[in-house]
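Here the structure is laid out as structure tokens; the discussion comes afterwards.
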Amino acid sequence: MSALTFTMRAEPDQRLDLSILTPGRLAGLGEAEIAALPIGTTRELRTVGEVFAVAMGDLGDIRFVGGSERFDRIGEGLEAGAILVEGAVGSRVGRLMSGGRVEVRGHAGLHAGSAMAGGFLRIEGDAGDFLGGPLAGEMAGMTGGTLHVRGSVGERAGDRLRRGTIVVGGNAGADAGSRMVAGTLIVKGRAGATPGRLMRRGTIVAGGGAERVGATFLDNGVHDPLIFRLMTRAFAAGPLGEPVLDGAPMRRLGGDTAALGLGELFVPA
Amino acid sequence: MDAMTTAATINGVAIDDGFAEAFPMHGTAIQITAVSPKWALEAARAMTGFATSVIACGCEAGIDCELSADETRDGRPGVRVLLFAMDRKGLATQLATRLGQCVLTSPSSACYADLVGEGRIDLGNAIRYFADGWQISKRFENQHFWRMPVMEGEFLVEAETGYVSNGVGGGNLLFMAGSAAQALRSAEAAVEAMRRVPGVVMPFPGGIVRSGSKVGGKYKGMMASTNDAYCPTLKGVTRSALGPDTGSVLEIVVDGLSSAAVADAMRVGLKAAVDLGPREGASRIGAGNYGGNLGPHHYHLKDLLP
């Protein structure tokens, strides 16, 4: 059975809340009912049918043909199934997802993967600030799953990360891994200033180094932890499908001693 | 003791029409790796030392096989270790104690789960507090590890491993020969063949036990005592199971993660001893049991003939 497909008719004239277009929330609905669902965010009503040409298919396999920076909250709360976006998305893609798979073949906005608890989210392009992080006022960031951004990300990626893994193929903005509680954040490129600011526990790897390391991180020397070898193997064999580290020994910096101080930041030796 | 009838004579070796009686055990498997095969074996030997019989050791353990770098979780040489105990609690206690004292302490070692069983049992979870608050938990791709800082660097251990409750302990073969040298050659040949069967261990020294036991004894409190029916020096003064040609007996005890694995091991061990023949090895092969009323697993030698 082919995928349930939403083909964008034209660039939307307002931001759209697409959180309703997940397998769980569409269960039991027919084509006409789906087309009538409201997705606008202003006083101007916008329905699914006005923005997309709907082609019914497998509700567990959803496809967006065409993307927009105004497509917000795609895959929010996803529990199972797959969502593919052939283009860009706006904010909060994959937020609070606990299972399944979301793939974005373009850039993503703010709060991609915000507080996700499970599943796999991949963004082929860049992602905005607060990747995986909580919204303002929330206590918990990511608590599980794997988040992979092939491009670069904005500031404070992995804010309040508690469990799960974030892999960034490009560079990260300032304060990557801020307030981390645990979990793993790997930046293959260069991290901006002060990665791990106020982190309690957890692991940050800045493969291309960091613009500036906070003074409250203490040099632990050069090490080659075995766990990196296992992570590289596991991610290469899993949905990520590629190695995350090159296996070279790295310099370990313990911190942030301004907080609990049990975290670690790895930079090139 | 009643005279044992012979099920078959093959290559001049008489095979008793008897059976080995074995018991259910909880079993688990782990993988120990290190920078070299030597150090993986050092850790494994230490961990499986003094683990010959649950009667006094708390568990029975041994090395299932050596693993090449291609076969291990971290790409280093390794060893697969099996450990058996009478219940889940005993298994957990022995695993934690031996992991902490013998693997954690061994240079360059790491330890991983190597069994997907019916349940999970603590591995690193049981010893992580040795790191005194510096332990680091790592979860990814449905795996959970503990990283423990140690003087050498870091000890990596998986949080849990699997276990089975339908493992089997006490499969056995008795090699009866004219001399101790012949009995030893026969048992050695059998052990060498049995070690190639996956999922089993022979927990006694070199896989062989010379002091097989019977249940109880004449002295109060003795759980087991020498199996006088098979002691060649007691022929004539006890109800001996040995004929006039037998001058020495050795036994192999085999534990396995499944009944099929134990049967396979006994089958190849029997064949190896039979192939050796009575000139070099045993002239008679038997098996130990308790009358068939204690253990649910019965391995009849006539069903395992080569």
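Chain naming here is simple, since letters A, B, ... match the order of the sequence lines and numbering starts at 1 in each.
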Q. Between A:Gly164, A:Pro239, A:Gly144, which shows the greatest number of heavy-atom pairs under 4.5 Å with chain B?
A.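 The candidate making the most pairs under 4.5 Å is A:Pro239.
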Distance-only donor-acceptor hits, side chain of residues 200-209 of chain A, under 3.5 Å, sequence neighbours excluded:
| unit_1 | atom_1 | unit_2 | atom_2 | d |
| --- | --- | --- | --- | --- |
| A:Thr203 | OG1 | A:Glu264 | OE2 | 2.6 |
| A:Thr203 | OG1 | B:Lys138 | NZ | 2.9 |

Considering only heavy atoms from C-beta outward, does the side chain of [X] approach that of [Y] to under 4.5 Å?
X: B:Glu141; Y: A:Met231; result: no
X: A:Thr184; Y: B:Phe140; result: no
X: B:Leu156; Y: A:Leu230; result: yes

**Q.** Which portion of B:Arg147 sits near chain A, non-hydrogen atoms under 4.5 angstrom
**A.** side chain
**Q.** Under 4.5 Å from a heavy atom of chain A, the part of B:Thr72 involved
**A.**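 For B:Thr72, backbone heavy atoms alone lie under 4.5 Å from chain A.
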Minimal non-hydrogen separation, [X] against [Y], with atom names:
X: A:Arg163; Y: B:Arg139; answer: CD-CD, 3.4 Å
X: A:Leu226; Y: B:Arg76; answer: CD2-NH2, 3.5 Å
X: B:Gln143; Y: A:Ala234; answer: NE2-CB, 3.7 Å

Does [atom1] belonging to [X] count more than 12 external heavy atoms closer than 6.0 Å?
X: A:Arg162; atom1: CZ; answer: no
X: B:Glu192; atom1: CD; answer: no
X: B:Glu154; atom1: CD; answer: yes
X: B:Phe23; atom1: CZ; answer: yes

(Q) Under 4.5 Å from any heavy atom of chain B, what part of A:Ala182 do you find: side chain, backbone, both or neither? (A)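 Contact with chain B is absent: no heavy atom of A:Ala182 under 4.5 Å.
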Q) Can you name the ring pair (Phe, Tyr, Trp, His ring centres under 6.0 Å) partners of B:Tyr163, sequence neighbours left out? A)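 Checked B:Tyr163 against ring pair (Phe, Tyr, Trp, His ring centres under 6.0 Å); matches are B:His26.
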